[in-house]
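All figures in this text were calculated on a predicted structure; none of them were measured in a lab.
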Amino acid sequence: MARARVLVVEDEVVVALFLEDLLTESGYAVAGVVSHLSDALSHPPDYDLAILDVHLNGRTVFDFAERLAARGTPFIFATGYGERGIPERFSDRPVLQKPYRPDDLYRALARLAAQADA
């Protein structure tokens with residue numbers, strides 16, 4: 001079975017590296033790491049799910065999230081504001097509260113898997 005490919009959308013290098021390590025250790029393949037909204041929007045859709053930092057270099061990621069939702073691509077938000085920083089239209093999406101621990105990521109990934117199975 002092929003490993004799920006994850007696009008990491010994160011503008012903090014240390015956090016992106018941390019995510020890459022955690023994803024690889026837990027059996028995922030990293031399809032790419034982008035740090036700007038324009039790069040996320042132009043990235044080929046060669047991934048199965050995405051982890052989205054809500055604020056990228058002063059811009060929000062919600063336009064990209066809309067595109068993912070329209071394509072049916074599962075995603076997780078990562079933000080220091082927690083769920084209160086997420087618009088109502090995305091209230092059903094998993095949220096990682098920064099700073100997060102590996103177990104927080106694994107729970108969010110499990111929630112994505114459960115939503116996909118539903």
Verify the ring-centre separation between Tyr28 and Tyr47: is it less than 6.0 angstrom?
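Between Tyr47 and Tyr28, the centre distance exceeds or equals 6.0 Å.
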
Taking the side chain as everything from C-beta on, heavy atoms only, tell me whether [X] gets closer than 4.5 Å to [Y].
{"X": "Leu52", "Y": "Leu68", "value": "yes"}
{"X": "Leu19", "Y": "Ile51", "value": "yes"}
{"X": "Pro94", "Y": "Leu112", "value": "yes"}
{"X": "Ile86", "Y": "Tyr81", "value": "no"}
{"X": "Thr73", "Y": "Leu7", "value": "no"}
{"X": "Leu96", "Y": "Thr79", "value": "no"}
{"X": "His55", "Y": "Thr60", "value": "yes"}
{"X": "Tyr106", "Y": "Ser26", "value": "yes"}

What pairs of residues pass the side chain to side chain donor-acceptor pair (under 3.5 Å) test when at least one of them lies in residues 94-105, not counting sequence neighbours?
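Sorted result for residues 94-105: Glu10-Lys98, Asp53-Lys98, Asp104-Arg107.
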
Heavy-atom donor-acceptor pair, [X] side chain to [Y] backbone, under 3.5 Å:
{"X": "Arg67", "Y": "Leu41", "result": "yes"}
{"X": "Asp39", "Y": "Val34", "result": "no"}
{"X": "Arg93", "Y": "Phe77", "result": "no"}

Please report the C-alpha distance between Phe75 and Phe64 in whole Å, then the side-chain angles of each, then the deciding distance to 0.1 Å, and finally whether the side-chain contact (heavy atoms from CB on, under 4.5 Å) criterion is met.
CA-CA 10 Å; Phe75 57 91; Phe64 184 58; over 6 Å; no

Pair Leu37-Asn57, side-chain contact (heavy atoms from CB on, under 4.5 Å): steps then yes or no
CA-CA 8 Å; Leu37 185 58; Asn57 299 297; over 6 Å; no

Interatomic spacing from OG in Ser38 to NE2 in His43 - rounded to 0.5 Å:
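Rounded to the nearest 0.5 Å, the OG-NE2 separation comes to 12.0 Å.
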
Taking all atoms of both residues into account, what is the closest heavy-atom pair of [X] and [Y], and its distance?
{"X": "Asp11", "Y": "Ser35", "result": "CB-O, 3.5 Å"}
{"X": "Ala65", "Y": "Phe90", "result": "CB-CZ, 3.7 Å"}
{"X": "Ala29", "Y": "Arg3", "result": "CB-NH2, 3.6 Å"}
{"X": "Asp48", "Y": "Pro74", "result": "O-CD, 3.2 Å"}

Please tell me whether Val54 and Val33 are part of a single hydrophobic cluster in this structure, the criterion being side-chain heavy atoms less than 4.5 Å apart.
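No: no chain of side-chain contacts under 4.5 Å links Val54 to Val33.
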
With clusters defined by side-chain heavy atoms of hydrophobic residues (ILVMFWY) lying less than 4.5 Å apart, directly or transitively, does Val15 cluster with Leu56?
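No, Leu56 does not connect to Val15 through the hydrophobic network.
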
I would like to know whether Val95 and Ile76 meet side-chain contact (heavy atoms from CB on, under 4.5 Å); could you show each step before the answer?
CA-CA 6 Å; Val95 177; Ile76 298 168; over 6 Å; no

Using the side-chain contact (heavy atoms from CB on, under 4.5 Å) rule, take Arg5 and Asp46 through it: C-alpha gap first, then chi angles, then the decisive distance, then the call.
CA-CA 8 Å; Arg5 295 175 49 80; Asp46 62 348; 3.4 Å; yes

Remaining members of the apolar cluster that contains Leu17, side-chain heavy atoms under 4.5 Å:
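Answer for Leu17: Val13.
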
